[in-house]
There are 2 protein chains.
Amino acid sequence: MRMDPHLLRTYVAVARLASFSAAARELGYTQSAVSQHIAALEQDLGTPLLGRRPVAPTRAGERLLEHAGPLLLRLDAARAEVTALAGAPDEGLTLAATPTALTPRTLRALPPTGVTLRVLPRADVPEAVATGAAHLGLVDGLAAPNDPLRLADVAPLTTRGAGQEPVRVLLPAGHPLARRTGLRLGDLADARWLDAPGAGLPLHQLRAAHGTGGFRPALRYEGTDVRTLIGLAAAGHGLVLLPESAAAAPGTGTVAVPLTEPRVVHRTEVVHTGELRGAAAAFAVRLDITRS
Amino acid sequence: MRMDPHLLRTYVAVARLASFSAAARELGYTQSAVSQHIAALEQDLGTPLLGRRPVAPTRAGERLLEHAGPLLLRLDAARAEVTALAGAPDEGLTLAATPTALTPRTLRALPPTGVTLRVLPRADVPEAVATGAAHLGLVDGLAAPNDPLRLADVAPLTTRGAGQEPVRVLLPAGHPLARRTGLRLGDLADARWLDAPGAGLPLHQLRAAHGTGGFRPALRYEGTDVRTLIGLAAAGHGLVLLPESAAAAPGTGTVAVPLTEPRVVHRTEVVHTGELRGAAAAFAVRLDITRS
DNA sequence: ACCCTCCATAAGTGATGCTGATGCCCGTCG
DNA sequence: CGACGGGCATCAGCATCACTTATGGAGGGT
């Protein structure tokens with residue numbers, strides 16, 4: 001009758017699988033129960049949420065979907081945070097990070113033992129921290145110097161800067177612009193770009209930094225491996241923006257040219273919930289000490 | 001057993017009122033039910049949330065409180081958005097706005113009839129829009145030119161710029177700096193300031209714009225009336241930052257000096273959910289046409 | 001010392017949320 | 001064209017749950 005998390009969870013499962021019975025199997029209910037869940041939701045909200053045959057969200061249902069995900073995520077985050085406070089401080093340190101956030105400097109600050117490193121696409125890092133899957137997150141992105149990064153706030157997360165470095169454009173060795181000593185982003189708006197939301201810097205950040213459109217993706221890479229990304233750039237599949245430390249790759253057939261315009265830096269930030277305890281706190285301190 | 005919205009709602013009520021029985025009265029339950037709700041939550045999360053006698057949140061409880069508010073808010077937002085889509089488009093237009101966002105230009109764009117104007121403190125505007133209490137919101141704040149405002153995202157809200165204007169410092173007529181033709185924020189960090197989160201620009205935005213601390217509040221004004229605020233400034237209770245259009249107030253015993261440094265503007269933005277329909281859409285279009 | 005307030009607990013009851021069975025609709029295939 | 005089958009809706013039955021009322025116990029104030 002009221003918008004129970006249970007009902008929402010069933011709803012997203014049904015919407016995702018486009019099937020009542022499949023959702024029932026996944027959730028360990030009977031098909032009947034799922035049907036009643038959806039009926040309860042629809043009656044509560046006073047509007048149909050799913051078209052049957054085929055099972056697909058209505059317009060109202062799509063709206064609900066936009067809310068349901070973050071809602072359930074935040075619910076998990078709340079539970080994780082509260083229960084973490086109850087239990088003893090965890091041994092070890094689980095760190096969620098984007099691949100390019102793992103600069104030599106951050107890696108050096110890691111404690112020698114007890115570390116679990118979890119490399120994730122950029123968008124999944126805050127989520128991992130919020131739900132307690134990681135004690136600490138490292139995210140990176142493009143920003144004006146000394147400006148904070150803009151993160152989607154799934155939950156109240158604390159962030160602090162963990163370093164900045166120049167940005168470089170990665171070009172295949174034979175590229176006409178490869179001899180330049182500096183490049184301006186505006187001159188590259190019409191070039192072929194790699195869209196690598198998991199590994200490189202996502203194109204929408206380029207558009208935001210440059211202020212307008214352009215930057216059409218030639219190839220989309222969904223992995224998190226920077227070496228592969230560099231390989232793609234070397235093979236001429238498109239340009240990528242990388243932090244200096246990741247772009248310096250002799251022998252890969254690429255050239256990394258500094259970006260001169262606009263004045264943006266590759267910024268990496270530590271993100272965590274509440275207060276830090278144990279190994280996570282120690283790591284944060286060591287990062288702070290070596291801050292560039 | 002599971003983190004039911006009901007349980008969260010009673011939890012926040014108990015925490016706010018610091019009393020089980022008072023919360024029970026407010027929610028229309030018996031005291032016993034409230035007690036069971038809290039017990040269920042505490043058992044589910046495996047940790048005490050409230051100290052009794054006096055009733056006050058534990059550390060874990062405080063964490064939960066941080067999540068519970070936004071969570072419940074977003075639940076309401078989801079319900080509002082879905083049910084709004086179900087019913088017929090509303091007649092009229094309800095507009096939630098901060099007082100200083102209501103510049104002459106925005107007021108001129110209002111349709112001649114059917115408007116309900118709801119002036120709220122800055123922080124409440126996105127909430128009003130998200131929960132459907134208003135069709136449209138107008139928020140303002142300090143930003144670098146052409147930078148978007150940073151709003152707390154209680155729900156996926158769409159924003160678009162609705163105008164910018166210069167910022168002025170309001171000084172009492174006899175103030176030593178009143179003769180200046182321009183002022184720098186850095187020179188005023190140690191002055192007495194009015195903290196007016198509802199009416200003027202909140203001090204924390206000043207600190208953010210200036211990059212450091214300072215800007216200690218001399219008096220805090222919690223209303224939403226700009227005339228009163230100007231009166232306070234005239235009486236020497238402190239300085240305020242206001243958009244040009246609000247600061248031009250001859251005969252009030254104040255002088256409005258342009259702010260030259262840092263380069264920030266008073267920016268106002270329209271905020272709304274999903275797509276606009278009816279009068280709200282028309283208003284947004286008219287705002288766009290007259291965009292400065 | 002007593003009482004009064006306030007929270008916890010126990011027992012009872014109506015409502016709820018599940019399961020299993022069955023019905024109905026529609027697409028598919030013989 | 002009719003029979004079959006997959007998939008969602010509906011129904012009845014039952015176990016559990018979420019309330020209520022009633023009572024107990026702990027503190028603080030007079």
Side-chain angles (χ1 to χ4, degrees), chain A residues 1-62 64-65 68 71-72 75 79 86, chain B residues 1-62 64-65 68 71-72 75 79 86:
Chain A
M1 234 40 173
R2 67 284 137 162
M3 286 177 53
D4 196 296
H6 268 214
L7 300 188
L8 289 181
R9 229 177 277 273
T10 336
Y11 173 67
V12 301
V14 171
R16 176 166 43 84
L17 299 170
S19 157
F20 281 52
S21 3
R25 278 189 294 276
E26 177 172 302
L27 298 171
Y29 287 125
T30 57
Q31 173 266 319
S32 172
V34 169
S35 192
Q36 291 175 44
H37 280 182
I38 302 301
L41 257 185
E42 292 186 328
Q43 185 167 10
D44 179 31
L45 297 175
T47 181
L49 297 171
L50 291 169
R52 326 292 152 104
R53 214 176 321 265
V55 174
T58 62
R59 285 167 49 84
E62 284 174 5
L64 183 60
L65 266 184
L71 223 25
L72 294 173
L75 218 53
R79 150 166 278 120
Chain B
M1 235 39 174
R2 68 286 138 157
M3 285 177 51
D4 197 296
H6 269 217
L7 302 188
L8 289 181
R9 226 178 279 274
T10 62
Y11 173 68
V12 301
V14 170
R16 176 166 43 84
L17 299 169
S19 156
F20 283 51
S21 4
R25 278 190 294 277
E26 178 172 302
L27 299 171
Y29 288 125
T30 57
Q31 172 266 320
S32 172
V34 169
S35 191
Q36 291 175 46
H37 280 183
I38 302 300
L41 257 184
E42 292 186 328
Q43 185 165 9
D44 178 32
L45 296 175
T47 181
L49 298 170
L50 291 168
R52 325 292 151 105
R53 218 174 319 268
V55 174
T58 61
R59 285 166 49 84
E62 285 174 4
L64 183 60
L65 266 184
L71 223 25
L72 294 174
L75 261 171
R79 152 167 276 122

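The sequence lines fix the lettering, A, B, ..., with proteins before strands; numbering per chain opens at 1. These values consider heavy atoms only, across backbone and side chains, with no hydrogens, waters or symmetry-generated copies.
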Novice: B/Q36 has a side chain; which of C/dC7, C/dC18, D/dC19 sits nearest to it?
Specialist: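 The listed nucleotide nearest to B/Q36's side chain is D/dC19.
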Novice: A/S21 side chain: which of C/dC7, C/dT19, D/dG7 is closest?
Specialist: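 Closest nucleotide among those given: D/dG7.
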Novice: Which part of the nucleic acid does B/S32 contact within heavy-atom distance under 4.0 Å: base, sugar-phosphate only, or nothing?
Specialist: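 Base contact - B/S32 has a heavy atom under 4.0 Å of at least one base atom.
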Novice: The side chain of A/F20 is closest to which nucleotide in this list: D/dT20, C/dC7, D/dC8?
Specialist: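 That would be D/dC8.
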Novice: The test is side-chain contact (heavy atoms from CB on, under 4.5 Å); show your working for A/L8 and A/L64 and say whether it passes.
Specialist: CA-CA 9 Å; A/L8 289 181; A/L64 183 60; 4.2 Å; yes
Novice: Is A/E42 reaching over with its side chain to a backbone N or O of A/L49, donor-acceptor style, under 3.5 angstrom?
Specialist: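 Confirmed, A/E42 side chain pairs with A/L49 backbone.
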Novice: Mind calculating the distance between CD (B/Q31) and P (D/dC19) to the nearest angstrom?
Specialist: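 Spelled out: CD on B/Q31 to P on D/dC19 is 14 Å.
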Novice: Side-chain N or O of B/Y29 versus OP1/OP2 of D/dT20: is the shortest distance under 4.0 Å?
Specialist: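 No, no such contact exists.
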Novice: Quickly work out the A/Q43 CD to D/dT10 C1' distance and round it to whole Å.
Specialist: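 After rounding, the reported distance stands at 14 Å.
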Novice: Round to the nearest Å and state the distance from B/H37 atom NE2 to D/dA18 atom C1'.
Specialist: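 Between C1' of D/dA18 and NE2 of B/H37: 7 Å.
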Novice: Rounded to whole Å, how long is the line connecting atom CD1 of B/I38 with atom P of D/dA18?
Specialist: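 Distance, rounded to whole Å: 14 Å.
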Novice: Any idea which heavy atoms bring B/Y11 and B/I38 closest together, and the distance?
Specialist: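 Shortest heavy-atom contact: CA-CD1, 3.9 Å.
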Novice: Have a look at A/V34 and say if it touches a base, only the backbone sugar-phosphate, or nothing, with a 4.0 Å heavy-atom cut-off.
Specialist: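 Nothing, no heavy atom under 4.0 Å.
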Novice: Is it the case that the side chain of B/T10 and the backbone of B/H37 share a donor-acceptor pair, with hydrogens and angles ignored and the cut-off at 3.5 Å?
Specialist: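 Absent.
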Novice: Nearest to the side chain of A/T30 - D/dC19, C/dG20, C/dC7?
Specialist: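 So the side chain of A/T30 is nearest to C/dG20.
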Novice: So, does B/S35 get its side chain near the phosphate of C/dT9, meaning an N or O under 4.0 Å from OP1 or OP2?
Specialist: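 So the side chain of B/S35 is outside the cut-off, no N or O lying under 4.0 Å from OP1 or OP2 of C/dT9.
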Novice: Rounded off to whole Å, could you give me the CG-to-P distance for the B/D4 and C/dT16 pair?
Specialist: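 For the pair B/D4 CG and C/dT16 P, the rounded distance is 13 Å.
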